[in-house]
Amino acid sequence: VLLSVFFHKRMGTFFNQLNAFITDSFSWLYIGGVALLLLFCLLLLIGPYGDVKIGPDNEPPAFKFTSWMAMLFSAGMGIGLLFYGVAEPVTHFANPPEGRQLLGASLASNAMTLTYFHWGFHAWSIYVVVGLSLALSHFRYGRPLSIRYTLYPLFGKKVEGRVGDVIDIIAVVGTLFGIATSLGLGVSQVNSGLSHVFGIPNNANVQVLLIGVITAFATISVVTGVNKGIRILSEFNIIMALLLMLFVFISGPTVEILDKYVQNLGVYLQNISRLTFHTAARSESEWMGSWTLFYWGWWIAWSPFVGMFIARISKGRTVREFVGGVLFIPVLMTFFWMTVFGETAISLINAGNTHLLEMVDDNVAVALFVFLESFPLSSLTSILAIIVIISFFVTSSDSGSFVMDMITAGGKPNPPVHQKVYWAVLEGLVAAALLYGGGLFALQTAAINAALFFIFVILLMVISLRRELEAERKRKKGLIK
């Protein structure tokens, strides 16, 4: 990170080279690993382990089903949906990637299916494995709420020593760079919005200043705790984001959006197998590094954070309820968000709005604001979008700080305040340094690189979960004590 500050031009070149190396050398690991996680989730859903409780056998759910669903949806909401809701479908529509043309699909359908692929079941299967491992370890077996203890069935008491330290360090570094990526995307979009609406300069200096100001708000929020600052901001985020989506849904081609939501879902399911295992082995891999591998790396880096959240709200659920809820509820809502913004944007382009296409191609961060210009009250909705992005920025930082604080405090549910401040400030510094050192590409590379180590931890979680659940099945049948 410091090298990015002092040698930012050289580091920009290095990030390009590192991204190319990871893409060329480890596509098989990311693609194959995430495919394995999705298959494992399907096994949990239909297999013999579904009745195991997250907690004691007579434990009732901690939250009623509707509240649980709402919180799962909120876990899937974030800066990424606002940043890519317009930009990704339009980019794939305008520049369909080589080797990713889907059979029988139009350019628009192809673009939406690829967007679904990057935001769908694969991403949430990562969160399922990490979240379920944490939930069972903590609520059923009484271990501290930390990543190291999810591998207790494999390593035993060693998780309390150096082995556990390494596991937690990998999780913290991955989370740090995953959140820094989101903060970098968010601040670049805020800067683009302020520039587009108010004429404020759009450059690295302004973005670093914005990171400093917003990180200060995040620090205040994290100090006030989960039940005050973080909870209030999270509820505000969801309401404002849903209002923005509802405005576009009503103002746009409403019936067409509903039709295409159903149709796109069908095309996605038809092509999920070939998309899952495509590694660009026989085609250009640059697109793969910028999109699929970046997303898989981003989701993996975020998984300790999201996994910790969904674990804490899922006490009393069965394994089958947990997997089904986490795998389907946020995904279907995310797909609807992407359809509302993506299909409406593509409809505008097909109707002759070439300006939107040109602006997305020039700067993806400004896509949402150019898109909103096509609707009434564009100044008001653009300001609302900026507020929502800033709010997501703050909640990502404070929630991420809280999770990293818990991990580094040995799984304590109420870690020291000064550590929360430390992590909140460090996240802002890392995001600022990477933006300054190599821009959005540096952030993408950081997320992919950090995930390279944590994916091995997640694959070990699969083995650990399988061993623990198999022991549960045998105990139920009286085969072991």
Side-chain angles (χ1 to χ4, degrees), residues 1 3-4 11-38 40 80 118 122-130 133 147-148 150-151 154 162-185 276-281 285-307 400 403-404 407 426-427 430-431 433-434 437-464:
V1 171
L3 287 172
S4 297
M11 289 305 293
T13 303
F14 169 74
F15 284 131
N16 285 329
Q17 294 171 342
L18 180 61
N19 188 278
F21 170 73
I22 294 173
T23 302
D24 293 339
S25 303
F26 294 103
S27 288
W28 62 273
L29 176 61
Y30 286 90
I31 301 301
V34 173
L36 177 65
L37 296 179
L38 181 56
F40 181 66
H118 290 145
H122 296 76
W124 284 89
S125 68
I126 299 168
Y127 297 154
V128 165
V129 172
V130 177
S133 296
I147 298 294
R148 67 171 71 195
T150 63
L151 302 184
L154 290 179
R162 295 298 184 193
V163 171
D165 292 344
V166 171
I167 292 165
D168 278 350
I169 288 168
I170 290 171
V172 168
V173 171
T175 304
L176 179 64
F177 282 108
I179 292 173
T181 299
S182 294
L183 301 189
L185 293 176
T276 296
F277 297 100
H278 185 81
T279 63
S285 62
E286 184 178 344
W287 184 91
M288 178 71 75
S290 298
W291 290 100
T292 304
L293 292 190
F294 161 62
Y295 273 119
W296 284 190
W298 197 12
W299 304 146
I300 291 166
W302 262 71
S303 60
F305 165 43
V306 179
V403 168
M404 286 188 288
I407 295 173
L426 190 62
E427 285 164 8
V430 170
L434 291 175
L440 294 180
F441 198 79
L443 293 166
Q444 290 183 330
T445 305
I448 295 173
N449 193 37
L452 184 60
F453 299 96
F454 195 64
I455 192 172
F456 290 106
V457 176
I458 299 178
L459 292 174
L460 288 175
M461 284 182 189
V462 170
I463 301 170
S464 184

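Since the structure is predicted, the reported quantities are computational estimates derived from the model, not experimental observations.
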Yes or no on side chain to side chain contact (heavy atoms under 4.5 Å, CB included) for Arg148 and Asp165, after CA distance, side-chain angles and deciding distance? CA-CA 7 Å; Arg148 67 171 71 195; Asp165 292 344; 2.7 Å; yes
Verify side chain to side chain contact (heavy atoms under 4.5 Å, CB included) between Leu185 and Trp298, making sure each step is shown before the conclusion. CA-CA 12 Å; Leu185 293 176; Trp298 197 12; 3.3 Å; yes
Check step by step if side chain to side chain contact (heavy atoms under 4.5 Å, CB included) holds for Leu293 and Ile31. CA-CA 8 Å; Leu293 292 190; Ile31 301 301; 4.0 Å; yes
For side chain to side chain contact (heavy atoms under 4.5 Å, CB included), just list the numbers for Ile179 and Val430, CA-CA rounded to whole Å, side-chain angles, deciding distance to a tenth of an Å, and then say yes or no. CA-CA 10 Å; Ile179 292 173; Val430 170; over 6 Å; no
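Counting all heavy atoms, side chain and backbone alike, Met288 lies closest to Ser27 at CG-OG, 4.3 Å. The nearest pair of heavy atoms linking Phe454 to Val130 is CE2-CG2, 4.5 Å. The minimum heavy-atom distance linking Ala171 with Pro304 is given by the pair O-CG, 4.0 Å. The two residues Ala180 and Ala431 have their closest heavy-atom pair at O-CB, 3.6 Å. Taking each heavy atom of Gly178 and Ala301 in turn, the nearest pair found is CA-CB, 3.7 Å.
Scanning for ring pair (Phe, Tyr, Trp, His ring centres under 6.0 Å) contacts around Tyr30 gives an empty result, with sequence neighbours left out. When the side-chain hydrogen bond (donor to acceptor under 3.5 Å, both in side chains) test is applied to Trp299, no partner is found at least two apart in sequence or on another chain. Phe305 pairs by the ring pair (Phe, Tyr, Trp, His ring centres under 6.0 Å) definition with Trp302, not counting sequence neighbours.
A distance-only check finds a donor-acceptor pair linking the side chain of Ser133 to the backbone of Val129 [under 3.5 Å]. The backbone N or O of Thr150 sits less than 3.5 Å from a side-chain atom of Ser464, completing a donor-acceptor pair.
In this structure, CD1 on Ile169 lies 12.5 Å from CZ on Phe453, to the nearest 0.5 angstrom. Taken from CG in Leu460 to CD1 in Ile167, the straight-line distance is 7.5 Å, to the nearest 0.5 Å. Separation of atoms CG (Leu36) and CD1 (Ile458) is listed at 11.0 Å; rounding is to 0.5 Å. Once rounded to the nearest 0.5 Å, the distance linking CD of Glu427 with OG of Ser182 reads 10.0 Å. To the nearest 0.5 Å, atom CG of residue Leu37 and atom CE of residue Met461 are 10.0 Å apart. In this structure, CD1 in Ile455 is found 4.0 Å from CD1 in Ile300, a value given to the nearest 0.5 Å.
Ring geometry for Phe26 versus Phe21: interplanar angle over 60°, hence perpendicular rather than tilted (30 to 60°).
Trp287 and Thr292 form no side-chain donor-acceptor contact under 3.5 Å, judged by distance and modelled atom types alone.
Checking Leu176, Leu426, Val173 one by one against Met404, the side chain to side chain contact (heavy atoms under 4.5 Å, CB included) holds for a single residue, Leu176.
The side-chain heavy atoms of Val172 and Ile147, taken from C-beta on, include no pair separated by under 4.5 Å. Counting heavy atoms from C-beta on, the side chains of Asn449 and Phe177 never come closer than 4.5 Å. Put simply, the side chain of Trp296 does not reach to within 4.5 Å of the side chain of Ile448, judged on heavy atoms. Two residues are said to be in side-chain contact when any heavy atoms from C-beta on lie closer than 4.5 Å; Phe40 and Ser125 fail this criterion. In this structure, Val457 and Leu151 have side chains that are in contact, with non-hydrogen atoms separated by less than 4.5 Å.
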